[in-house]
Amino acid sequence: MRYWLVKSEPDVFSFADLQAAPKKTTHWDGVRNYQARNTLRDEMKRGDRCFYYHSNAEPSGIAGICEVVREGYPDHTAFDKKDPHYDPKSKPDAPTWYMVDVKAVKAFPRLIALGELRDVAALKGMVLLQKGSRLSVQPVTKKEWETICAMAGVSAT
DNA sequence: GCCAACGTTGGC
DNA sequence: GCCAACGTTGGC
């Protein structure tokens, strides 16, 4: 099993929104970055766990844990002219953009803020904390996963 | 709201 | 293929 971090602006779709969604599940659509696309299409597998990160928030930080319940498939919002994420170069028979489905597993008892993460030596190498890092889907190591779960006071498994 | 850091686009 | 201009992300 692998670990990931996915970003969402809580004003748009928060972890609480995911918990309130039907089956606590949603399409992780709208990613329009090739590196993140490759992760979504090729690397994220059923049962992988993801931190759910709130970006552009007060404060920004990790709100909970979700799980991949459907592996990469074409992001149909790219085909819809009326969708804000419409992209004419993505065709149904040759899709450019992919998405997965994720399901809420557990909210953290409290949000672990970005500032707290920066204070932890064991997390220095975390993709999220690198200067200029803005990948919306990114890998998390097992050690980082366990460290952050311990900070939040939740089981890492 | 500002702005630094990126990624993408398009002229050449 | 280079690179300037532009748009976006996201912390602060």
Side-chain angles (χ1 to χ4, degrees), chain A residues 2-21 26-44 48-68 72-141 143-145 147-152 154:
Chain A
R2 298 180 65 183
Y3 303 101
W4 310 97
L5 179 146
V6 295
K7 289 182 189 172
S8 181
E9 299 195 24
D11 291 347
V12 178
F13 199 83
S14 69
F15 189 76
D17 292 330
L18 181 61
Q19 290 181 299
T26 195
H27 314 295
W28 203 258
D29 64 65
V31 174
R32 298 292 179 266
N33 168 281
Y34 285 100
Q35 196 176 345
R37 184 280 309 271
N38 293 345
T39 302
L40 291 167
R41 185 189 59 190
D42 305 330
E43 300 195 69
M44 295 175 86
D48 284 358
R49 295 294 171 102
C50 315
F51 287 134
Y52 195 109
Y53 180 82
H54 283 174
S55 62
N56 257 322
E58 264 322 309
S60 295
I62 298 172
I65 292 171
C66 58
E67 174 182 358
V68 177
Y73 62 107
D75 180 346
H76 54 73
T77 66
F79 308 141
D80 179 359
K81 281 196 171 62
K82 291 190 285 291
D83 192 282
H85 299 296
Y86 172 65
D87 183 350
K89 73 175 172 294
S90 185
K91 303 291 197 315
D93 58 350
T96 304
W97 306 116
Y98 283 74
M99 59 188 181
V100 300
D101 288 356
V102 295
K103 177 180 185 177
V105 172
K106 187 187 315 184
F108 278 179
R110 65 185 184 88
L111 182 124
I112 304 299
L114 180 60
E116 287 183 71
L117 299 173
R118 288 199 193 283
D119 284 342
V120 179
L123 300 178
K124 282 285 187 286
M126 201 178 173
V127 175
L128 180 74
L129 304 183
Q130 305 314 301
K131 186 178 170 70
S133 168
R134 26 174 246 200
L135 262 184
S136 61
V137 179
Q138 54 181 253
V140 170
T141 67
K143 179 181 165 196
E144 290 160 357
W145 183 268
T147 300
I148 292 168
C149 286
M151 290 168 73
V154 303

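Letters A, B, ... mirror the listed sequences (proteins, then strands); counts begin at 1.
- Residue A:K7 has no polar side-chain atom (N or O) positioned under 4.0 Å from OP1 or OP2 of C:dT9.
- OP1 or OP2 of C:dG11 has at least one side-chain nitrogen or oxygen of A:Y53 nearer than 4.0 Å.
- Atom CG of A:L114 and atom P of C:dG11 are 6 Å apart (whole Å).
- When each of A:R32 and A:G132 is assigned the nucleotide of DNA chain B bearing its nearest heavy atom, the one mapping closer to the 5' terminus is A:G132.
- Distance, A:L117 CG to C:dG10 C1': 15 Å, rounded to whole Å.
- Using a 4.0 Å cut-off between charged nitrogen and carboxylate oxygen, A:D93 and A:K91 do not count as a salt-bridge pair.
- Within 6.0 Å of NZ on A:K124 lie more than 12 heavy atoms contributed by other residues, nucleotides or ligands.
- Here the C1' atom of nucleotide C:dG11 and the CG atom of A:D11 are 15 Å apart, to the nearest Å.
- Between the C1' atom of C:dG10 and the CG atom of A:L129 lies a distance of 14 Å, rounded to the nearest Å.
- Ranking C:dC12, C:dG10, B:dT9 by closeness to the A:R118 side chain, first place goes to C:dC12.
- Going from atom CZ of A:F13 over to atom CH2 of A:W28 covers 7.5 Å, rounded to the nearest 0.5 Å.
- Look at CD on A:Q130: it is 14 Å from P on C:dG11, rounded to the nearest Å.
- Comparing atom distances between the A:R134 side chain and each of B:dC6, B:dT9, C:dG11 picks out B:dC6 as nearest.
- The distance between atom CG of A:N56 and atom P of B:dA5, rounded to the nearest whole Å, is 17 Å.
- Per the geometry, CD belonging to A:E58 stands 10 Å off P belonging to C:dC12, to the nearest Å.
- Rounded to whole Å, atom C1' of B:dA4 lies 7 Å from atom NZ of A:K131.
- The closest side-chain donor-acceptor pair between A:D17 and A:S14 falls under 3.5 angstrom.
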